[in-house]
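The structure under discussion appears below in the form of structure tokens.
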Amino acid sequence: MPYHSRPDWQLPEREATPVEIYASRRTFVASLATAGLLPSAAIASTDPAKLTPLKARRTIATSEEPTALSAVASYNNFYEFGLGKDDPARNAHSLKPSPWTLKVGGLVKKPLTIDVDQWIAKAPLEERILRLRCVEGWSMVIPWVGFPMSALIKAVEPLGSAKYVRFTTLADSGQMPGIRFPALDWPYREGLRMDEAMNPLTTLAVGLYGRRLPNQNGAPLRLVVPWKYGFKSIKSIVAVDFVERQPLTSWNQSQPSEYGFFSNVNPDVDHPRWSQATERRIGEFRRRKTLPFNGYGEQVASLYKGMDLQKFF
Ligand SMILES: Nc1nc2c(c(=O)[nH]1)N[C@H]1C(S)=C(S)[C@@H](COP(=O)(O)O)O[C@H]1N2
Ligand SMILES: [Mo]
């Protein structure tokens with residue numbers, strides 16, 4: 001879908017507020033590390049307060065209240081660190097998000113090997129406040145920091161034969177205690193169709209709440225696809241590959257009848273074991289109605305025109 005003018009969630013340049021993060025006692029530690037005066041392990045923390053601040057211009061907002069940082073960083077799904085909601089925050093200190101190399105290749109003219117720290121330092125970062133709806137029936141509103149996936153796609157110049165994008169998470173049992181258990185077929189893999197990956201809402205996040213990503217949220221770089229169930233938003237990415245055929249993805253592979261390749265948020269298609277009609281917004285008492293495409297239908301419904309969304313779930 002061509003992106004004419006300005007969608008309503010995108011603020012005009014002059015109204016967009018730069019998110020200035022001022023140095024505090026805690027960020028002093030991070031700045032020492034950035035200056036090379038401390039080993040990078042000092043910033044490889046699960047404590048968001050200790051993470052490096054990022055400057056970003058707010059481009060996508062919502063009237064909804066963001067979920068508290070304490071919940072965003074302590075109630076997680078990241079099976080490489082355990083299956084419990086609090087396991088990632090407890091265990092992810094062993095992940096080393098810096099230095100980190102991202103390889104972008106496959107059917108492209110200009111494959112790239114990216115040093116993620118250097119990239120974060122010079123990329124124009126945006127703050128994008130987006131809803132996240134987990135297939136399990138809970139949701140959050142998260143102020144991500146990152147950039148549109150389309151910027152990376154344009155940089156590598158995909159060939160005409162590239163129809164899908166495959167994403168791969170790190171799989172290192174030394175850093176990730178959970179991958180010793182066969183909960184999923186590691187490495188965690190996800191995929192998008194090219195037009196989905198190019199949609200302006202598709203985000204590569206490097207931070208949240210104005211700082212680098214906590215390890216448990218997928219440091220140093222993760223995908224955010226806000227109109228799809230949360231498992232599509234793959235964490236701690238080491239490879240992005242452009243491919244011709246629909247790629248195998250971890251959840252679809254493990255349970256194809258429960259987790260489709262598309263997995264667009266859809267209140268009308270129940271999970272075989274529970275309803276998807278409502279959700280629990282973390283921090284709220286009553287359940288709310290789940291919206292088609294997680295409320296982003298205006299921006300993405302046209303991607304699926306003519307598709308049977310009961311069949312292609
Ligand atoms: N590599 C990897 N990525 C992952 C997961 C995972 O287990 N491993 N869990 C997914 C699921 S089910 C959800 S709901 C979101 C949760 O993101 P959050 O913990 O930052 O809220 O991450 C997704 N990305
Ligand atoms: Mo999820």
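Every value quoted in this text rests on a predicted model; they were computed, and no experiment measured them. Start at 1 and go down the list; that is how both ligands and their atoms are numbered. Each residue takes its place number in the sequence, starting with 1.
Of the N or O atoms in Tyr75, none lie within a sub-3.5 Å distance of an N or O in ligand 1. Note: no N/O pair closer than 3.5 Å links Trp144 and ligand 1 by distance alone. Ligand 1 has an N or O atom lying under 3.5 Å from an N or O atom of Asn217, backbone or side chain.
Proximity of Asn77 to ligand 1, defined as any heavy-atom pair under 4.0 Å, is shared by backbone and side chain alike. By the criterion of a heavy-atom distance under 4.0 Å, neither the backbone nor the side chain of Leu184 is placed next to ligand 1. No part of Met140 comes within 4.0 Å of ligand 1, judged by heavy-atom distances. Residue-level proximity to ligand 1 for Glu136 is absent, since no heavy atom of it falls below 4.0 angstrom.
Ranking the protein heavy atoms by distance from atom 24 (N) of ligand 1 puts Ser233 O, 2.9 Å first. Among protein heavy atoms, the minimum distance from atom 19 (O) of ligand 1 is reached at Lys235 NZ, 2.7 Å. Atom 15 (C) of ligand 1 has its closest protein heavy atom at Gly230 O, 3.6 Å. In terms of protein heavy-atom proximity, atom 8 (N) of ligand 1 is closest to Glu80 OE1, 2.8 Å.
In the model, Ser94 has no side-chain atom that pairs as donor or acceptor with a side-chain atom of Gln175 under 3.5 Å.
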Trace of the side chain to side chain contact (heavy atoms under 4.5 Å, CB included) decision for Lys232 with Trp251: CA-CA 9 Å; Lys232 299 291 293 181; Trp251 277 105; over 6 Å; no

Show your reasoning for whether ring pair (Phe, Tyr, Trp, His ring centres under 6.0 Å) applies to Trp227 and Phe262. CA-CA 10 Å; Trp227 72 93; Phe262 287 98; over 10 Å; no

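Below 4.0 Å from some heavy atom of Phe78 lie the following atoms of ligand 1, by number and element: 1 (N), 2 (C), 6 (C), 7 (O), 8 (N). Near Thr169, the atoms of ligand 1 lying under 4.0 angstrom from a non-hydrogen atom of the residue are 1 (N). Near Cys134, the atoms of ligand 1 lying under 4.0 angstrom from a non-hydrogen atom of the residue are 14 (S). Set against the non-hydrogen atoms of Leu132, the atoms of ligand 1 under 4.0 Å away are 21 (O).
Aromatic pair Tyr75/Trp138: centroids less than 6.0 angstrom apart.
The cationic atom of Arg131 (NZ for Lys, CZ for Arg) lies less than 6.0 Å from the six-membered ring centre of Tyr296 and within 45° of the ring axis.
Across Tyr259, Tyr79, Tyr188, heavy-atom proximity to atom 10 (C) of ligand 1 is greatest for Tyr188.
The pair Glu64-Arg288 counts as a salt bridge, with a side-chain nitrogen and a carboxylate oxygen less than 4.0 angstrom apart.
Nearest approach of Pro158 to Ile153, heavy atoms of both residues: CD-O, 3.2 Å.
Remark: distances from the non-hydrogen atoms of Glu190 to ligand 1 are all 4.0 Å or more. Not a single heavy atom of Gly218 sits closer than 4.0 Å to an atom of ligand 1.
Classification of the Tyr259-His271 ring pair by plane angle, with boundaries at 30° and 60°, yields tilted. Aromatic ring pairs are classed by plane angle as parallel below 30°, tilted from 30° to 60° and perpendicular above 60°; the pair Tyr229 and Phe231 is parallel.
For Glu136, the salt bridge (Lys or Arg N to Asp or Glu O under 4.0 Å) criterion is met by Lys85, not counting sequence neighbours.
Paired with Asp117 under the rule side-chain contact (heavy atoms from CB on, under 4.5 Å), one option of Pro220, Ser98, Pro97 passes, and it is Ser98.
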